[in-house]
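Notes to accompany the following structure.
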Amino acid sequence: MVFHAGSAVDAGHAEAALRQVREALLPLLDEAAAAGGPMLLVEPSAGGGRSLASRVEQLAPYLDAVERHPWLGVCFDTCHAWAAGHDLAAEGGMTATLDSLVATVGADRLRLVHANDSKDLCGSTRDRHESIGKGAIGEPAFAELMAHPATAGIPIVVETPTEKHVGHAADIATLKRLRP
Ligand SMILES: [Zn+2]
């Protein structure tokens, strides 16, 4: 079950917000784990406002707030990471970002990928998805995504525009073609 990381009203309340995350999330994580229910996956946001987690390094304090609970996984959204300032379009950029994600959260926590290109520039904090290879992130970054060991066996979902009806089918075909 995917949820967004949430945000604080301002910088002065970030600590209090993480305490709220702990109070709300820990009992749910315990309950879901005990019942064999679905894992909860936190999805870092595009970085607007005082987001509690948009850059992948910010997942460290977030996970610490729930004592690195084993039932909390991560959903990585490429458009959000790009908007939050990870330069996925640079050669090796997607690989480096995923390396940094694994270093921050551990090897087994990435459980879902939202593969989306972006209509906006890196660091824009804007969350406008685009079809794979048609936006500012570009196809080579998605080839790196498909080749990264952290995404092996992990479901990948597209949340791309569908106005032209062929949107999702074309995007899925592109990702399959980029798969090594
Ligand atoms: Zn998403």
Side-chain angles (χ1 to χ4, degrees), residues 1-7 38-49 51-60 62-63 72-180:
M1 199 203 79
V2 179
F3 65 98
H4 287 172
S7 54
M39 282 182 77
L40 276 65
L41 309 182
V42 58
E43 178 176 352
S45 73
S51 172
L52 294 179
S54 53
R55 293 191 56 92
V56 300
E57 313 85 70
Q58 290 178 297
L59 286 168
Y62 203 93
L63 285 168
L72 182 60
V74 171
C75 170
F76 178 72
D77 186 310
T78 54
C79 180
H80 294 181
W82 169 256
H86 291 287
D87 188 0
L88 308 177
E91 195 182 343
M94 178 72 83
T95 305
T97 302
L98 288 167
D99 287 348
S100 149
L101 175 69
V102 170
T104 303
V105 306
D108 296 330
R109 231 179 261 274
L110 177 65
R111 295 305 179 101
L112 183 66
V113 172
H114 285 172
N116 303 303
D117 212 322
S118 170
K119 291 185 196 293
D120 298 291
L121 297 177
C122 181
S124 68
T125 74
R126 300 196 67 190
D127 186 20
R128 296 191 305 154
H129 298 182
E130 182 54 281
S131 297
I132 306 295
K134 302 279 194 293
I137 298 175
E139 227 177 76
F142 290 95
E144 289 184 25
L145 175 81
M146 300 306 282
H148 198 282
T151 66
I154 300 297
I156 297 179
V157 171
V158 294
E159 302 173 310
T160 45
T162 53
E163 301 94 68
K164 289 166 199 131
H165 301 292
V166 295
H168 287 162
D171 286 327
I172 291 164
T174 302
L175 290 172
K176 283 185 170 170
R177 175 168 54 77
L178 294 173
R179 200 159 48 180

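Index from 1, following the sequence.
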Exercise. Is any side-chain heavy atom of H114 closer than 4.5 Å to a side-chain heavy atom of C75?
Worked result: yes
For this session: For residues V74 and R111, determine if any side-chain heavy atom of one lies less than 4.5 Å from a side-chain heavy atom of the other.
Result: no
Pairs under 3.5 angstrom only: tabulate donor-acceptor contacts from the side chains of residues 93-101 to other protein residues two or more places apart or in another chain.
from	atom 1	to	atom 2	distance (Å)
T95	OG1	E144	OE1	2.9
T97	OG1	G93	O	2.8
D99	OD1	H148	NE2	2.7

For this session: Using the test side-chain hydrogen bond (donor to acceptor under 3.5 Å, both in side chains), find all partners of D127 that sit at least two apart in sequence or belong to another chain.
Result: H80, H129
Seminar exercise, completed: side-chain contact (heavy atoms from CB on, under 4.5 Å) filter on A83, not counting sequence neighbours, yields A46, S124
Seminar exercise, completed: To the nearest 0.5 Å, atom CG of L59 lies from atom OG of S54 at 9.0 Å
Problem set entry | Side-chain (D117) to main-chain (I137) donor-acceptor, under 3.5 angstrom | yes
For this session: Would you please name every residue forming a side-chain contact (heavy atoms from CB on, under 4.5 Å) with A5, sequence neighbours left out?
Result: V42, A53, Y62
For this session: Using a 4.5 Å cut-off on heavy atoms from C-beta on, say whether the side chain of L88 contacts that of F142.
Result: no
Exercise. Where do A89 and A136 come nearest, in terms of heavy atoms and distance?
Worked result: CB-O, 3.9 Å
For this session: Could you tell me which non-hydrogen atom of I154 sits nearest to which non-hydrogen atom of L110, and how far apart they are?
Result: CD1-O, 3.1 Å
For this session: Please identify each residue that fulfils side-chain hydrogen bond (donor to acceptor under 3.5 Å, both in side chains) with R126, with sequence neighbours left out.
Result: none
Problem set entry | Which residues share a salt bridge (charged side-chain N to carboxylate O under 4.0 Å, His left out) with K134, sequence neighbours left out | none
Seminar exercise, completed: Between the SG atom in C122 and the CH2 atom in W82, the distance rounded to the nearest 0.5 Å is 4.5 Å
Exercise. Would you say the side chain of M1 lies within less than 4.5 Å of the side chain of M39, judging by non-hydrogen atoms?
Worked result: no
For this session: Answer yes or no: is there a side-chain heavy-atom contact under 4.5 Å between F76 and T151?
Result: no
Exercise. side-chain hydrogen bond (donor to acceptor under 3.5 Å, both in side chains) with S51: which residues, sequence neighbours excluded?
Worked result: S45
For this session: With rounding to the nearest 0.5 Å, note down the distance linking CD in E130 to CG in D171.
Result: 8.5 Å
Exercise. Does a side chain donor of either T160 or N116 reach within less than 3.5 Å of an acceptor in the other side chain?
Worked result: no
Exercise. So, R109 side chain and V102 main chain: donor-acceptor pair closer than 3.5 Å or not?
Worked result: no
Seminar exercise, completed: Across all chains, not counting sequence neighbours, the salt bridge (charged side-chain N to carboxylate O under 4.0 Å, His left out) partners of E57 are R55
Exercise. Are any non-hydrogen side-chain atoms of L40 and F3 less than 4.5 angstrom apart?
Worked result: yes
Seminar exercise, completed: Contacts of R177 meeting side-chain hydrogen bond (donor to acceptor under 3.5 Å, both in side chains) (sequence neighbours excluded), chain-then-number -> E139
Seminar exercise, completed: Residues at least two apart in sequence or cross-chain that pass side-chain contact (heavy atoms from CB on, under 4.5 Å) with M146, listed by chain then number, are I156, L175, L178, R179, P180
Problem set entry | All salt bridge (charged side-chain N to carboxylate O under 4.0 Å, His left out) counterparts of R128, not counting sequence neighbours | D120
Problem set entry | Student check: side-chain heavy atoms of V157 and V113 closer than 4.5 Å | no
For this session: Using the test side-chain contact (heavy atoms from CB on, under 4.5 Å), find all partners of L121 that sit at least two apart in sequence or belong to another chain.
Result: none
